[in-house]
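Contents: one structure, followed by commentary.
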Amino acid sequence: MALLNSADPRGSKIGGIETYIRDYIYYHPDDMDLLFIGADEIGDMPIGEVAETEFRGRRFKFLALYRLDDAVNKYTGTVTQSETFRFARRLIDQWGTLRRVLRGGQYSIEVRRPEYAPIFFSMGVPVIQMIHVWGGKDKQQSGVLARYGWMRHASELVSAAVVKKFYSVNGDLTAMFKRRYPMFKGKFDTLTTWANTSIFQPTPFVFDGDAIDVMYAGRMDKFKRPDLMFAVVAELQRLTSRVRFHYVGDGDTEQFPEFAAIRDITVRHGVMSSPQIAELMGRCQLGLLTSDFEGMPRFVMELLTSGRPAVCLHLPQLESVLVDGKTGFLVPRGPDQVAEQARRMLEAWELAHTGALDPATIRQAVEPFSPQSLLGKIWRDHRRLHRLPV
């Protein structure tokens, strides 16, 4: 079975796709011949050849297509400069090598972008599609391809036609695809997000006096709404004067005018590994999310798995894990959302401080989302493709 991504799972790039692939490698079954195809950020892989490497104690094969010097998320203004377009061109340039390796090893492959599916279909390789996030063109987004609706719909349609299975990360997204492409509705299914339960574990709340330690971890795409996030933290500071905001990510916070108000209370941790993020969550009391849309936000799943409440602007998919006053709060969107989210964050901190919130109970909300059970679903698909017992 082959995984594909434009970033090295052993490297520093952050994002839901990268975490998915890292967990996939960590949890993959012992009888799976796992091959990763992508970029080498470390500089130890031969280019264009299959080699073996190790990540988190698990061995797997690695086919490096090129060296990656900088894993920082970049957003360009044109389609041809986009990471998706440039990576697709590399796949086409090395079509012969990829076909030889994949057909010779009898691999099936998973792709994260629909644009890649027809490339591997043309090699005669069975493909499973996984979509992690989807936002309409009316939403703020940093990526350029999402602004061209016709291009995205065309690539989704072609992918749905050629893949064996088409997964999306939440049920609403799956239902949308079934409505949009009814001729292929039997291929669509849902595989939601999890947190790595060997890394993220509930620990007792830790308080540094009456300081309120709030955190966010993730990339700084416009749809994450950093402007709102910084405004909410500023409002919480106005209410309490005792906030410490922990920002984990590789984005430039200074590009948003709203950051100026919280610069002095923000700890910019930069890029951190999952174990480092888990350790930081243990020192914070809550996290926040202000995204306009998401697939299933992994940061929230990691917070809850760590026994920390999340206070989020409303997303329908979070209704299954966020219960007001029990695991955090879902804040209705509207003209008062900034003030309301800040108020709810203070309430969540007070509930934790008084012992009304229990980390172990918060963790129970995401017990059904264990990586082993969720990944088992897609592994069964691969076993069927290889005509193996399920």
Side-chain angles (χ1 to χ4, degrees), residues 1-7 9 15-29 31-38 60-63 65 84 87-88 91 95 98-99 101-134 152 154-171 173-178 180-181 183-194 295-296 298 369 371-390:
M1 183 270 150
L3 286 170
L4 178 78
N5 195 33
S6 56
I17 292 175
E18 286 70 36
T19 302
Y20 176 95
I21 289 176
R22 287 166 182 144
D23 285 350
Y24 204 110
I25 292 170
Y26 181 80
Y27 286 108
H28 78 274
D31 66 345
M32 177 182 283
D33 176 354
L34 182 61
L35 169 68
F36 175 79
I37 300 170
F60 64 101
K61 295 176 181 176
F62 199 125
L63 175 56
L65 303 181
T84 299
F87 189 55
L91 298 177
W95 189 92
L98 289 166
R99 184 181 187 276
V101 171
L102 294 171
R103 290 290 298 272
Q106 299 182 340
Y107 285 92
S108 55
I109 191 166
E110 279 183 41
V111 299
R112 321 258 78 89
R113 297 283 310 189
E115 293 86 353
Y116 306 148
I119 298 174
F120 292 97
F121 175 76
S122 72
M123 302 174 190
V125 176
V127 183
I128 292 179
Q129 178 75 61
M130 180 70 201
I131 296 291
H132 290 259
V133 69
W134 199 100
R152 177 166 60 182
S155 64
E156 290 168 352
L157 177 60
V158 172
S159 174
V162 303
V163 301
K164 300 296 185 180
K165 194 88 176 212
F166 194 120
Y167 279 103
S168 56
V169 79
N170 67 61
L173 190 52
T174 301
M176 181 200 73
F177 283 132
K178 288 184 176 182
R180 182 164 287 170
Y181 313 114
M183 66 290 285
F184 304 117
K185 65 181 181 180
K187 296 184 179 183
F188 294 108
D189 203 349
T190 303
L191 184 71
T192 194
T193 302
W194 60 84
M296 187 65 170
R298 190 174 297 274
F369 298 88
Q372 296 93 327
S373 62
L374 293 173
L375 281 169
K377 186 175 183 178
I378 203 165
W379 290 334
R380 287 191 291 273
D381 289 331
H382 283 287
R383 295 184 71 84
R384 291 187 186 100
L385 290 176
H386 291 275
R387 296 181 174 87
L388 295 173
V390 176

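Basis for what follows: all heavy atoms, side chains included, without hydrogens, waters or symmetry-related copies.
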Nearest 0.5 Å, please: how far is [atom2] in [Y] from [atom1] in [X]?
{"X": "W379", "Y": "L374", "atom1": "CH2", "atom2": "CG", "result": "10.0 Å"}
{"X": "L102", "Y": "M123", "atom1": "CG", "atom2": "CE", "result": "6.5 Å"}
{"X": "I109", "Y": "L3", "atom1": "CD1", "atom2": "CG", "result": "8.0 Å"}
{"X": "M32", "Y": "F60", "atom1": "CE", "atom2": "CZ", "result": "13.0 Å"}
{"X": "L91", "Y": "F120", "atom1": "CG", "atom2": "CZ", "result": "4.5 Å"}
{"X": "R113", "Y": "T84", "atom1": "CZ", "atom2": "OG1", "result": "3.5 Å"}

Do [X] and [Y] come within less than 4.5 Å of each other through their side chains, counting heavy atoms only?
{"X": "V169", "Y": "Y20", "result": "no"}
{"X": "E156", "Y": "I131", "result": "no"}
{"X": "Y181", "Y": "M183", "result": "yes"}
{"X": "I119", "Y": "V111", "result": "no"}

Go through the structure and list residues passing side-chain hydrogen bond (donor to acceptor under 3.5 Å, both in side chains) with [X], not counting sequence neighbours.
{"X": "T174", "value": "S168, T190"}
{"X": "T193", "value": "none"}
{"X": "K185", "value": "none"}
{"X": "D33", "value": "K61, Y107"}

Side-chain polar contacts of residues 157-167 - donor-acceptor pairs under 3.5 angstrom, sequence neighbours left out - could you list them?
residue	atom	partner	partner atom	Å
S159	OG	Q129	OE1	2.7
Y167	OH	D381	OD2	2.3

Mind checking side-chain contact (heavy atoms from CB on, under 4.5 Å) for [X] and listing every partner two or more places apart, or none if nothing turns up?
{"X": "Q372", "value": "Y27, T197, S370"}
{"X": "R22", "value": "P9, E18, F55, R56"}
{"X": "S108", "value": "M1, P126, H382, L385, H386"}

Heavy-atom closest contact ([X] atom, [Y] atom, distance):
{"X": "A2", "Y": "I37", "value": "CB-CD1, 4.3 Å"}
{"X": "S122", "Y": "W95", "value": "OG-NE1, 2.9 Å"}
{"X": "L191", "Y": "M130", "value": "O-CE, 3.3 Å"}

Sequence neighbours excluded, which residues qualify as salt bridge (charged side-chain N to carboxylate O under 4.0 Å, His left out) partners of K178?
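With neighbours one apart ignored, the set is empty.
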Just jot down the salt bridge (charged side-chain N to carboxylate O under 4.0 Å, His left out) partners of R112, sequence neighbours excluded, or say none.
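Applying salt bridge (charged side-chain N to carboxylate O under 4.0 Å, His left out) to R112 gives E110.
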Using the test ring pair (Phe, Tyr, Trp, His ring centres under 6.0 Å), find all partners of Y116 that sit at least two apart in sequence or belong to another chain.
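Ring pair (Phe, Tyr, Trp, His ring centres under 6.0 Å) check on Y116 returns F87.
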Derivation of the side chain to side chain contact (heavy atoms under 4.5 Å, CB included) call for M296 and L173
CA-CA 10 Å; M296 187 65 170; L173 190 52; over 6 Å; no
